[in-house]
Amino acid sequence: MGLLNAEDEVCDDNVCTELVFYVNGKKVIEPHPDPDWTLLWYLRKKLRLTGTKLGCAEGGCGACTVMVSKYNRKEKKVIHLAVNACLAPVCSMHGLAVTTVEGIGSTKTKLHPVQERIAKAHGSQCGFCTPGIVMSMYSLLRSCKHIKYSDIEVAFQGNLCRCTGYRAIIEGYKTFIEDWESQRITNGISNCNGAENGNQPPMCAMGKDCCKNKTSRNNEESETQHIFDRSSFLPYDSSQEPIFPPELKLSDIYDNQYLIFKGQQSTWYRPTKLSTILELKERHKDAKIVVGNTEVGVEVKFKHCVYPTIIMPNCIPEMNEVVENETGLTVGASVTLMEMDNVFNKYIKQLPQYQTRTLVTIRDMLNWFAGKQIRNVASIGGNIMTGSPISDLNPILMSLKVKLNLLSKQGEFRSVLMDETFFTGYRKNVVKPDEILLSIEIPYSKRYQYVKAYKQAKRREDDISIVTAAINITFEDYTNIIKNINIAFGGMAPVTKIASKTSQSLIGEKWSEEMLEKAYAHMLEELPLSPSAPGGNVLFRRTLTMSLFLKAYLAIAQQMSKDYLHKELIKPFHSSGAEQFHGSIPKSSQYFDLVEEKQIKSDAVGRPIQHMSALKQATGEAIYCDDMPVAENELYLAFVLSTKAHAKLISIDPSKALKETGVVAFFSAKDITTHQNTIGPIYHDEELFAREKVVSQGQTIGVIVAQDQATAQSAARKVKVEYEEIQPIIVSIEDAIKHNSFYPQYPKTMRKGDVTAAFTDINNIIIEGQCRMGGQEHFYFETNVAFANPKKEDDEIEIFCSSQHPSEIAKLAAHVLNVPINRIVARVKRLGGGFGGKESRGLLVALPVALAAHRLNRPVRCMLDRDEDMQMTGTRHPFLIKYKVAATKEGKLMGAKVDIYNNAGYSIDLSGAVVERAMFHFSNAYYIPNVEVVGHVCRTNLPSNTAFRGFGGPQGMFGAENMIRDVACKLGKNVEELSRLNLYQENLSTHFGQTLTHCTLQKCWDECVQKSDLAARKISIEKFNKEHRWRKRGISIVPTMFGIAFTEKLLNQAGALVLIYIDGSVLISHGGTEMGQGLHTKMIQVASRTLGIDISKIHISETATDKVPNTSATAASSGSDLNGMAVLQACETLVKRLQPYKEKNPKGKWEQWVSAAYVDRVSLSATGFYATPDIGYDWKTNTGRAFNYYTFGVGCSEVEIDCLSGDHKVIRTDIVMDLGASLNPAIDIGQVEGAFIQGYGLFTLEELIYSPIGTLYSRGPGAYKIPGFGDIPQEFNVSLLKGAPNPRAVYSSKAVGEPPLFLASTIYFAIKEAIRAARADAGMPLDFYLESPATSARIRMACEDHITKKLDIPDPDSFVPWNVVP
């Protein structure tokens, strides 16, 4: 049990210093647990269970989800909870059972249905998020007998995925919904007459063809049921689950132990008696009381806070129970939000409706509070005591003025009200240092009392609030006269704020529109916000206070009318303003060409085969770079990053860091020559280590190498850097234009026809405008990581890295180490997502790691933390496009003069090529005969921006769509007609001189119009908008025409190596990397057709520079095109060599032919090489063929917006893509959906937040929001155009990765249409400017109305804003 000081034992003799818990059924005993260890760290580093992934370390992405089980002795049942292992302290696991993804099934033994279904449904692409999603679903299955779709919805609130677009995951897991599963089991029973068997529903005579096995809205036409075979799924049988450890069930010994765990920096106490915690709190007044560690865990990780004393009160009965009292419920401070939710639901069912309004309001808000994993462990007491000014719950509790019961050893018991006096400052309150919060008394509501709360955030699910409003009102009996009212707001001050003056002024008023106006006037006075207020969005937040109060007014008025007034207070036209958006079961269908029946079975091309690694990804067996076992003598590298955006380096002093135990070395610019230190993917214009000055925050100054991650990162923070700031600090495109800060190779110009003539033609109309697109963080789930292993001789080194461009890593590593490239092997097994972000910026991690390994002659590893990755590696380029367009009176585009600016950051990286692609794509799918387009690359003091799916294409196309809409607006014409009129047609020539062949644009357009039922829906939208004042709908249709090829000619090449072994098995190596897009799977399919063998005989292990040299990046959507042709060539060579043996033995088998060739000493290895023919563009003459071909597509989306809050939902999306003859329709549809949802984030949710001095505020999923499960279209239909083979790519296929992304702009333009309808109702001009992304703030402020008019817009020169748009 260990020995302790007498003082530590306090008054409890049952003290334990040893941690005991179970992992996957095995008992784990840790004699010296450290309170700083998270469960995730322990699983990965101590137990080597690497299936559980680190995605963000703040509980925001769900990649680390595990199941924690405990025995509830009161209810005599086992409780299973999904938990974020990245935040859960391992010390809190004492006496509990942890299940990880490895513990539920494996490809080597037996798969669990949860693992099988996500893989077979094509719900795993890069696979890094898959184990977390699997464990969330598994926890739901274990804790809920009869699953409804709403349960699945809630279970996934805390999980994100960047690859799939979610639809495939949902389709796979919808099969666990109760009626589907029971039907599935029954269909397996032989029961000819369909009679009921016991309690089971009758069997369908269709068996596996029963409609329950299908999900399409229109299965007669679509191929949905062919995309995966639901009938092959293993039935789920809960009786086969692993049993809960009997020791934990039979004995309560672990529950009753008083735990004391001493670490290097902290001591962890888990008392079991109230008296013990009071003694501890008296002795350690600065102690942190931790229940779920959801706040403290983030502070320790990212703010590097050290808390010497941590107390966990989870085993103190008085703090963990909910008791009914005379007026309501007394909730123990340690009761988790999930437990509170369950108890409240029980009382809501039992009590009269009027009594439960407070409980209902709190319960409803809990649904939007973080994710399920957080709610499972976070407590109500922790939420109150943290005192976040943007808390979701505190405004409700303060509007109710709940009673808080406090306790201390000296001062005994006292109660305080949670009113305007409770919070004394930012995260400070009236609770004394030696007191604990014991419980919270939540009152029932009275008959004439109503409680409403609204929260507006960037994203509906799992997001921190921008503004939360809570209104608690009591009326005089049987009237609408206000007897008492409390209004509280979060997000309007450093503390949760009660608008007491406003509340006071409304007492005695009737609940009417006159009262509203009075309330608004008082709110404006009582809730001021400085234009520089932290958090920004000042006008939006001030608007929300009034808008959310109006929502509450409408909701309460409707409720009163129903309850007792029995007269209509609110006109139906206004009534929808009271509502909030809620989820519904998503529908989907997929249309694609099925392979012909005559196609031989072994030929895999065109079949919807699942991703080759999907099952391994679903079981946690797939190995990513940081999952590789620790090597002997391995070291860890940590970065010293610049904290200034533009400054001279006066001194760099690592002496304090080097004195730390376990620190081995510090490397900086002093350790390599200027030549070696100068790097870059095209131009060597940036430094590996900043030498004399820094030009961005997040730039590398040096690196610390130490024995482990914690030591290295702690020491890196101790390196002292002195700066002398330099002005100006250039953050935005406008700053760059003002200071003439551009890269010298630009501007570049592209001209066609006579632009001047188009603008001087008096028959043409002329419009001028501009549009702006924000940047986008890649948010690949696996951050940049590298592991370098020196071979100890001849300067050889192996670099394992998460890179899309291993050849570039090898080439630059050779440059930095000053050795030939042939000494360096860069190896890539798989990437946990890339999206362009790992094409060039991976060098920031791989090169310092390689240098350290080379210099120290020891293995070195580094995986960036999420905040480091976001600060260092750059984003999609923000763009500003200024345009002048000439068009005929009929709307035919005649000329365009366009200036395109991108924000490149501190080095040029790939920014030149990005702006060039934007220039190629600025007209999107529209023919413009006369063009002058100029591209500018802005040099700014931001991290260097880089490649991102679309590579400038979407930004250029965005300009075209704004132009066509401006022309339509000016002419008063229908946008769809003008778009159709101007579409490219066969044999027309682009503005860069390429003639279009095999152009299916118009076919895609017409099919999308027909499939989306556009005409009828426009009529119904018009009707909806006439009937609703505060909800508006919009619809838009947008084409895309994406050029496929690298715009740099030399990159359009690829190689492959195909080896046949004597047992007939085939090993392929090619130059592309697997990052979830299914490239390896497609290459195996290509080889299967060419060689004429089954895919089971073919394997791809990894991408390595010693197998295929001088490769191009896996980028530009051309991975399958280039590598597919190289694989095809190599296979054709081998087929020719084997042909004589086939002819000799025509009835023989593959293995026999291979064996015969081997005996005859015929080479069974071949290389393939492919260079795209007839390609190359000349900038000087504006001639040549820039692209090999185009991928065409058209999308149509309908949205609904909430004009009061700025929230929106996507009702339906239809996409038609021309992907030629798809190599794999399932993978291609997954790419279409994934690109679309990523684009949806780009155009609506994802906003980079920079300070005016270049500090990135959005450094993780807490502040940066990518789309979640709840954001996808309620109906999502994807069609691959049938009968459109492509003669210019492998087996008539087409590239898919990037082209669909821009179709998500349909949502942005549909939002714009909805805003226009709202402005029409308010009598505002219909022409307005809306930047992308269309965030809730921008939507609300564009819906100008009587509320927004009340605000004065401050003079921009009178204040320094909190944030700026880059």
Using side chain to side chain contact (heavy atoms under 4.5 Å, CB included) as the criterion, list what pairs up with [X], not counting sequence neighbours.
{"X": "Ala121", "result": "Phe228"}
{"X": "Val377", "result": "Val83, Thr294"}
{"X": "Glu339", "result": "Lys70, Val335, Thr336"}
{"X": "Gln125", "result": "Cys163, Thr164, Gln1231"}

Exercise for the section: Examine distances only and state if a side-chain atom of Arg162 and a backbone atom of His778 form a donor-acceptor pair shorter than 3.5 Å. Expected result: yes
Exercise for the section: Step through it carefully: locate the ring centre of Tyr236, locate the ring centre of Tyr138, and say whether they are under 6.0 Å apart. Expected result: no
Practice task
Would you please indicate if the ring centroids of Phe1269 and Tyr166 are separated by under 6.0 Å?
Solution key: yes
Practice task
Assess Arg861 against Tyr636: is NZ or CZ under 6.0 Å from the centre of the six-membered ring, and within 45 degrees of the ring's axis?
Solution key: no
Exercise for the section: Is it possible for you to check whether Arg117 lies under 6.0 Å from the centre of the six-membered ring of Phe176, through NZ or CZ, and within 45° of that ring's axis? Expected result: yes
Modelled atom types, side-chain donor and acceptor of [X] and [Y], under 3.5 Å:
{"X": "Gln617", "Y": "Thr130", "value": "no"}
{"X": "Asn367", "Y": "Gln157", "value": "yes"}
{"X": "Ser136", "Y": "Asn159", "value": "yes"}
{"X": "Gln373", "Y": "Thr65", "value": "yes"}
{"X": "Ser1065", "Y": "Lys1097", "value": "no"}
{"X": "Asn1224", "Y": "Asp1228", "value": "no"}
{"X": "Glu241", "Y": "Ser239", "value": "no"}
{"X": "Arg270", "Y": "Asn314", "value": "no"}

Practice task
Kindly state each residue pair satisfying ring-ring contact (aromatic ring centres under 6.0 Å, His included) with at least one member in residues 59-107, sequence neighbours excluded.
Solution key: His94-Tyr254
Going by salt bridge (Lys or Arg N to Asp or Glu O under 4.0 Å), name the pairs with one or both residues in [range], residues two or more places apart or in two chains.
{"range": "residues 93-111", "result": "Lys108-Glu621"}
{"range": "residues 131-150", "result": "Lys148-Asp151"}
{"range": "residues 47-64", "result": "Lys53-Asp627"}

Salt bridge (charged side-chain N to carboxylate O under 4.0 Å, His left out) against [X], all qualifying residues, sequence neighbours excluded:
{"X": "Arg830", "result": "none"}
{"X": "Asp708", "result": "none"}
{"X": "Lys27", "result": "Glu247"}

Handout entry: Arg827 and Glu1102 ion-paired at < 4.0 Å
Key = yes
Fill in the blank from the handout: Minimal heavy-atom distance between Ala85 and Thr52, with the atoms involved, is CB-CG2, 4.4 Å
Exercise for the section: Among Phe779, Tyr780, Phe781, Tyr624, find the one that has a ring-ring contact (aromatic ring centres under 6.0 Å, His included) with Phe128. Expected result: Tyr624
Practice task
Using the test side-chain hydrogen bond (donor to acceptor under 3.5 Å, both in side chains), find all partners of Asn24 that sit at least two apart in sequence or belong to another chain.
Solution key: Thr100
